[in-house]
**Q** 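Here you go, one structure.
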Amino acid sequence: MTTRIIGTGSCPGDRVVTNEDLAQIVETSDEWIASRTGIRQRHLTTGMGNSRMAAEAAKRACENAGIRPEELDLILTATSTPEYCFPSTACQVQAEIGAVNAAAFDISAACTGFVFALITAESFLASGMYRTILVIGADELSKVVDWEDRKTCVLFGDGAGACVVRAEESGSFHGIMGADGSRGPVLTCLSRSGGNFLTGEKPEHGFISMDGQEVFKFAVKKVPECVNELLAAQNRKKEEVRYYILHQANERIIESVAKRLKEPIEKFPMNIQNYGNTSGASIPILLDEMNRQGKLDKGDTIVLAGFGGGLTWGAVLLTW
Ligand code: ACO
C-alpha cells in the first residue's frame, strides 16, 4: 500500500494587500520587494482566522476528493499560529466540517509543517491504522508580524491549503525529515497569536524575528542536499521528476535551489508573487492551484520540499 493524494483544496486570506499598499505603511517600494523576493501581493485574513481558513480548505479538499467528511479517519493540521493552546486547529476543523469519525491534532514545524504532516500521515496509512487522512497546512502570520518592520512585514501572507490522502495499491511515497535545534535563534516567534493587522494590536510575546541572510543560506544549501539524499535513497533520477514544489519563501531561494540541483527553473512552479510566504500553507496552496489548473497528470513524479523555523527541513517524493 502507498500514500496517494486524492484531493486538494485551499483558502487564502480574503483581503489582497499589494506592495504599493505596504509602501503606505512602511518605507519600502514594489521595486525593492519584487526584486528581492518575487512578491507582488499577499492575502491577509480579516475575520476568518486560522481555523476557518483551514476548515474551508478542508471542505474544498474533501469535495475535490469526492469524499464525505465522515469518511476521514484523522485530521492533521500543520500550523504555527493556532488560535488557542487547545482545542487544536485540527479539532476546530473537525467540528466545523463534521468529520465525526476523525481523530485530530496539530503539528508544529513552522514552514516545514506541511511536509512533516504529510510524512506523519503516510506512517499511519502504511501501518494500516487509518485509511483516509486530511492533511492541512494553515497559517495566519499577520497576527505575529510587526507591521512597522519593513524587513519582515513585506514577506508574509495568510492562508490554508489541504490534501486528502489515502492508502492505495499503486504509486510510491517516500519522505525524509530533519531538524537542527541549535540553530533555532535564526528564526523565532515567541507568540502564536495576539496581533492584528487591521487594529494595530500587538502580540503579547513579540513578533517574528529572523536573520534573513542566514535563513537564505540555510535554505539554498539544505533543500538541494535533502532532495538529492531523497532521490539517491530511492535510486531515482532527477530526470524522472516532473515538478519540484518548494515552500514559497522567496523566488531567489527557489532559483538558487534549481541552479544547485542543475534542473530547469520550469520544473519549479511558483505562486509567491500572489500570496507571499504563507508558511505551512504555501505548498498545499500551490499544489491545489496546479491540480485545479490541470497541470498534474496521474502518474507524475513530484517532489515537495519545505524548510523553516526550528530549524527544520523535509522532502517528499510521490506519485501523483
Ligand atoms: N524595503 C526597502 N528596503 C528594505 C526593506 C524593504 N522592505 N527591507 C530591508 N530593507 C533595507 C535594509 O534596511 C537594508 O538597508 P541598509 O543597507 O541601509 O541597512 C537593505 O535593505 C538590505 O537589507 P538586508 O536585510 O541585508 O536585505 P537582503 O538583501 O538580505 O534581503 C531578505 C532581505 C529579502 C529578507 C533576504 O535576506 C531573504 O530573502 N532571506 C530569506 C529569508 C526568508 O525568505 N524568510 C522568510 C521566512 S522564513 C521561511 O519561510 C523559511
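Both counts, for ligands and for their atoms, begin at 1 and track the order of listing. These numbers come from the heavy atoms of this one structure, side chains and all, not from hydrogens, waters or symmetry mates.
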**Q** Any ion pair linking Asp288 and Arg60 (charged N to carboxylate O, less than 4.0 Å)?
**A**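 No.
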**Q** Can you name the closest pair of heavy atoms from Val144 and Pro203 and give their distance?
**A**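 In terms of heavy atoms, the two residues are closest at CA-CG, 4.2 Å.
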**Q** How close does the nearest protein non-hydrogen atom get to atom 1 (N) of ligand 1, and which residue and atom is it?
**A**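 For atom 1 (N) of ligand 1, the nearest protein heavy atom is Thr28 OG1, 2.6 Å.
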**Q** Side-chain contact test, heavy atoms from C-beta onward, threshold under 4.5 Å: evaluate it for Leu304 versus Leu318 and give yes or no.
**A**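 Counting from C-beta outward, Leu304 and Leu318 do come under 4.5 Å.
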**Q** Please name the residue in the list Arg40, Glu31, Arg42 that meets the side-chain hydrogen bond (donor to acceptor under 3.5 Å, both in side chains) test with Asn19.
**A**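 So the option named by the test is Arg42.
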**Q** For atom 32 (C) of ligand 1, state whether the nearest protein heavy atom is under 4.0 Å away.
**A**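 Under the 4.0 Å cut-off, atom 32 (C) of ligand 1 has no protein heavy-atom neighbours at all.
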**Q** Are there protein heavy-atom neighbours of atom 50 (O) of ligand 1 below 4.0 Å?
**A**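 Yes, there is one.
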**Q** Would you say atom 21 (O) of ligand 1 makes contact with the protein, given that contact here means a non-hydrogen protein atom less than 4.0 Å away?
**A**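 When distances to the protein are checked, atom 21 (O) of ligand 1 has a heavy atom within 4.0 Å.
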**Q** Run the numbers for me: atoms of ligand 1, each under 4.0 Å from some heavy atom of Phe156, listed by number.
**A**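 Within the 4.0 Å cut-off of Phe156, ligand 1 contributes 47 (C).
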**Q** What do you reckon, does Gly212 have a nitrogen or oxygen under 3.5 Å from a nitrogen or oxygen of ligand 1?
**A**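 Yes - when backbone and side-chain N and O of Gly212 are compared with those of ligand 1, one distance drops under 3.5 Å.
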**Q** Can you sort out which atoms of ligand 1 are near Gly308, meaning under 4.0 Å from one of its heavy atoms?
**A**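 It comes down to these atoms of ligand 1: 51 (C).
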**Q** Whether Glu255 and Arg252 form a salt bridge (side-chain N of Lys/Arg under 4.0 Å from carboxylate O of Asp/Glu) is what I want to check.
**A**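 No, this pair does not count.
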**Q** Identify the closest protein heavy atom to atom 34 (C) of ligand 1: which residue and atom is it, and at what distance?
**A**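 Looking only at protein heavy atoms, the one closest to atom 34 (C) of ligand 1 is Thr37 CG2, 3.8 Å.
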**Q** Is atom 16 (P) of ligand 1 near the protein, in the sense that some protein heavy atom lies at less than 4.0 Å from it?
**A**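 No, no protein heavy atom sits under 4.0 Å from atom 16 (P) of ligand 1.
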**Q** Ser29 to ligand 1: N or O pair under 3.5 Å?
**A**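 No, Ser29 has no N/O under 3.5 Å of an N/O on ligand 1.
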**Q** Can you tell me which residue and heavy atom of the protein come closest to atom 39 (O) of ligand 1, and the distance to 0.1 Å?
**A**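 The answer is Asn250 ND2, 2.4 Å.
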**Q** Can you pull out the closest protein heavy atom to atom 29 (O) of ligand 1? Residue, atom name and distance to 0.1 Å, please.
**A**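 Looking only at protein heavy atoms, the one closest to atom 29 (O) of ligand 1 is Arg36 NE, 3.1 Å.
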**Q** Out of Gln213, Arg150, Met210, whose heavy atom is nearest to atom 11 (C) of ligand 1?
**A**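 It is Arg150 whose heavy atom sits nearest to atom 11 (C) of ligand 1.
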**Q** Please state which part of Ala249 comes within less than 4.0 Å of ligand 1, counting heavy atoms only: side chain, backbone, both or neither.
**A**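 Under 4.0 Å from ligand 1, Ala249 contributes backbone and side-chain atoms.
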**Q** For ligand 1, which atoms sit closer than 4.0 Å to a heavy atom of Val215?
**A**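 Counting atoms of ligand 1 from 1, those under 4.0 Å from Val215 are 42 (C), 48 (S).
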**Q** Take atom CD of Glu148 as the centre, draw a 6.0 Å sphere, and report whether it contains more than 12 heavy atoms from other residues, nucleotides or ligands.
**A**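 Not buried by this count: 12 neighbours or fewer within 6.0 Å.
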**Q** Against heavy atoms of Glu27, which atoms of ligand 1 measure under 4.0 Å?
**A**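 Those of ligand 1 that fall under 4.0 Å from Glu27 are 1 (N), 2 (C).
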**Q** May I ask whether atom 41 (C) of ligand 1 is less than 4.0 Å from at least one protein heavy atom?
**A**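 There is a protein heavy atom less than 4.0 Å from atom 41 (C) of ligand 1.
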**Q** Please verify the inter-ring angle class for Phe124 with Phe105; under 30° counts as parallel, over 60° as perpendicular, anything in between as tilted.
**A**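 Rings of Phe124 and Phe105: perpendicular, over 60°.
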**Q** Any atoms of ligand 1 less than 4.0 Å from a non-hydrogen atom of His247? List them with their elements.
**A**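 Taking each heavy atom of His247 in turn, ligand 1 has 49 (C), 50 (O) under 4.0 Å.
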**Q** Does Glu83 come within less than 4.0 Å of Lys143, counting only side-chain N to carboxylate O?
**A**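 Salt bridge absent between Glu83 and Lys143.
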**Q** Ring-plane angle category for Phe218 and Phe307, please: parallel below 30°, perpendicular beyond 60°, tilted otherwise.
**A**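 Perpendicular: the ring planes of Phe218 and Phe307 meet at over 60°.
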**Q** Heavy-atom distance from atom 37 (O) of ligand 1 to the protein below 4.0 Å?
**A**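 Given the 4.0 Å limit, the answer for atom 37 (O) of ligand 1 is yes, a protein heavy atom qualifies.
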**Q** Mark yes when over 12 heavy atoms from residues, nucleotides or ligands other than Gln293 sit less than 6.0 Å from its CD; otherwise mark no.
**A**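 Yes, because the 6.0 Å sphere around CD of Gln293 holds more than 12 heavy atoms from other groups.
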**Q** Are there over 12 heavy-atom neighbours, none belonging to Lys238, within less than 6.0 Å of that residue's NZ?
**A**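 Yes, because the 6.0 Å sphere around NZ of Lys238 holds more than 12 heavy atoms from other groups.
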**Q** Check ligand 1 against Val154 and write out every atom of the ligand that is under 4.0 Å from a heavy-atom position of the residue.
**A**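 Checking each atom against Val154, I get 7 (N).
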**Q** What protein heavy atom sits nearest atom 46 (C) of ligand 1, and how far off is it?
**A**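 Looking at atom 46 (C) of ligand 1, the protein heavy atom closest to it is Asn277 ND2, 3.4 Å.
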**Q** Run down the list Phe218, Trp32, Phe216 and name the one with the heavy atom closest to atom 23 (O) of ligand 1.
**A**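 Ranked by closest heavy atom to atom 23 (O) of ligand 1, first place is Trp32.
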**Q** With heavy-atom distances below 4.5 Å as the criterion, would you say the side chains of Trp313 and Asp180 are in contact?
**A**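 The answer is yes; the side chains approach within 4.5 Å.
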**Q** Side-chain contact, heavy-atom cut-off 4.5 Å: Leu230 with His174?
**A**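 They are in side-chain contact.
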**Q** Mark yes when over 12 heavy atoms from residues, nucleotides or ligands other than Arg131 sit less than 6.0 Å from its CZ; otherwise mark no.
**A**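 Counting other residues, nucleotides and ligands, CZ of Arg131 stays at 12 neighbours or fewer.
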**Q** For Leu187, take its heavy atoms, then give the atoms of ligand 1 lying under 4.0 Å from any of them.
**A**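 This gives 48 (S) as the contact atoms.
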